[in-house]
2 protein chains.
Amino acid sequence: MSSELTRILLAEDQGMMRGALALLLGLEEDMEIVAQVGSGDDILPQALRTRPDIALLDIELPGRSGLDAAADLRVRLPECRVLILTTFGRPGYLRRAMEAGASGFLVKDGPVEDLAAAIRRVLAGERVIDPALAAAALSAGPNPLTQRERDVLSAAVDGATVVDIAAKVHLSPATVRNYLSAAIGKTGTRNRMEAVRAARQNGWL
Amino acid sequence: MSSELTRILLAEDQGMMRGALALLLGLEEDMEIVAQVGSGDDILPQALRTRPDIALLDIELPGRSGLDAAADLRVRLPECRVLILTTFGRPGYLRRAMEAGASGFLVKDGPVEDLAAAIRRVLAGERVIDPALAAAALSAGPNPLTQRERDVLSAAVDGATVVDIAAKVHLSPATVRNYLSAAIGKTGTRNRMEAVRAARQNGWL
DNA sequence: GGACGCCCATGACATTTGTCTTCCCCCGCC
DNA sequence: GGCGGGGGAAGACAAATGTCATGGGCGTCC
């Protein structure tokens, strides 16, 4: 009877990965994929429609990010557990995931068997987090960048010049340079490219 | 009897993806995974040991790239077909894959069903290439960057300064700036960050 | 042999970037 | 009212970056 199957929502942008995971989990006796989405914007609507027990969310999605969607679910569908499934084990991601109320955080590097196991553990009320990653997240400390610094740094990816950034963020070029300088200082780097890289690495963007 | 099963080598660095695809293909009646590797350096040795009919290769792998490995296989195991399976449908990648003797080029965006279908078509002697991608590769033209320009640009990723690059490539700082300038000119961009991005985008690195 | 293209290197120059100091305005707080 | 603090802006300055012209060496192709 269907009430015994755990209902799963799967959000993942890469079609092949999504399909493969869906097929895989479909093979498990006690699981059922009730929704597959490839965009972050579809997560909440589909979740509200299909009422899954657990949502498997990638972080980097077109549209709304998986972390934002996790926060949405926390509010609008609190009985639905969230398991973040991501390529990048970035400390800041893990931190934000926990703050958004996720019950687990899994990187795609591990073996597939981990996935079903993690789902079962989350359903049982456990929190699933890679210990090494948790340590890294704690030792890295919280995000040192202010909102504006993040804005400016985000706008600085892929080579925008100071005036470009200024236009994008509606600030004076002089101010932009000040924020960039601050971000460079806080990340302990030597220029904006390194700063962007460091911030990305830590999941601070 | 085992001689009727197509023998497959699977090279993919992301553990979960690799495992999922392996399980999936294992479900097909006529296919058999004879080797799974997560590093580009393992491809050739494993292929020589297990003699697959077809190798499924990701491009961006630790160690030797999938494209390099494809070239290796062409020489050392010519009866083994190569199907490139990649996240990024970059024109330059496709071009290089064809030059390396690949029989097919598949992006991971599509549905999983495409994979088994592509394998069968390749085995049947067809070439499998996404038509839109082929058009893009042709319209983009060949890689305009010289070897040195590529070297310098590659060394310039993630914010290395001119002296850093010079040290890495064993060139004079002044020369490095010349090459960077040339690369910026050829890519039609305004600075090295944009040049790196553009070159990456096109698969010219 | 000459033309061409790539490689490597310099020097000069204009522009952009990164740093620091100072200033104004607004808000919250004692 | 006085006092700080943060956001935004500006100016001045040094350092890094991007451009250009020039020159030499080397290999290939006509």
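Keep in mind that what you see is a predicted model, and the values were worked out from it rather than measured. Just so we're on the same page: letters track the sequence lines, and every chain starts at 1. Below, each value reflects all heavy atoms present in this structure, side chains not excepted, and no hydrogens, waters or symmetry copies.
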Test: [X] and [Y] ion pair at under 4.0 Å:
X: B/Arg90; Y: B/Glu60; value: yes
X: A/Lys168; Y: A/Asp151; value: no
X: B/Asp13; Y: B/Arg18; value: no
X: B/Arg49; Y: B/Asp42; value: no

Looking just at side-chain N and O atoms, do B/Gln14 and A/Thr87 make a donor-acceptor pair shorter than 3.5 Å?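 Present: a donor and an acceptor within the cut-off.
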Take atom [atom1] of [X] and atom [atom2] of [N], then tell me their distance rounded to the nearest Å.
X: B/Leu180; N: D/dA16; atom1: CG; atom2: P; result: 15 Å
X: A/Lys186; N: C/dG18; atom1: NZ; atom2: P; result: 17 Å
X: B/Asn191; N: C/dT17; atom1: CG; atom2: P; result: 7 Å
X: B/Gln147; N: D/dG27; atom1: CD; atom2: C1'; result: 16 Å
X: B/Arg190; N: C/dT17; atom1: CZ; atom2: C1'; result: 14 Å

Where along residues 148-174 of chain B does a heavy atom fall under 4.0 Å from DNA chain C?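 Here the set is B/Arg148, B/Leu171, B/Ser172, B/Ala174.
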Can you see if the side chain of [X] gets near the phosphate of [N] - specifically, an N or O under 4.0 Å from OP1 or OP2?
X: A/Tyr179; N: D/dG8; value: yes
X: B/Thr175; N: C/dT10; value: no
X: A/Arg192; N: C/dG18; value: yes

Note, A/Val122 side chain near A/Arg127 side chain (heavy atom, < 4.5 Å):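 In short, these two side chains do not touch, never coming nearer than 4.5 Å.
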Decide yes or no for B/Glu149 and B/Val152: does some side-chain heavy atom of the first lie under 4.5 Å from some side-chain heavy atom of the second?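 Side-chain contact under 4.5 Å: no.
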A quick test of your reading: do over 12 heavy atoms of other residues, nucleotides or ligands sit less than 6.0 Å from [atom1] of [X]?
X: A/Arg76; atom1: CZ; value: no
X: A/Arg150; atom1: CZ; value: yes
X: A/Arg120; atom1: CZ; value: yes

Nucleotide N/O of nucleotides 24-27 of chain C paired with protein N/O under 3.5 Å:
none

Each nucleotide N or O in nucleotides 20-22 of chain C that has a protein N or O under 3.5 Å away: list the pair and distance.
{"from": "C/dC20", "atom 1": "N4", "to": "A/Asn178", "atom 2": "OD1", "distance (Å)": "3.2"}

Taking donor-acceptor contacts at under 3.5 Å, does the side chain of A/Arg177 reach the base of C/dT19?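 Pair found.
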From B/Arg51 atom CZ to B/Gln46 atom CD, the distance as rounded to the nearest 0.5 Å: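 Rounded to the nearest 0.5 Å, the CZ-CD separation comes out at 13.0 Å.
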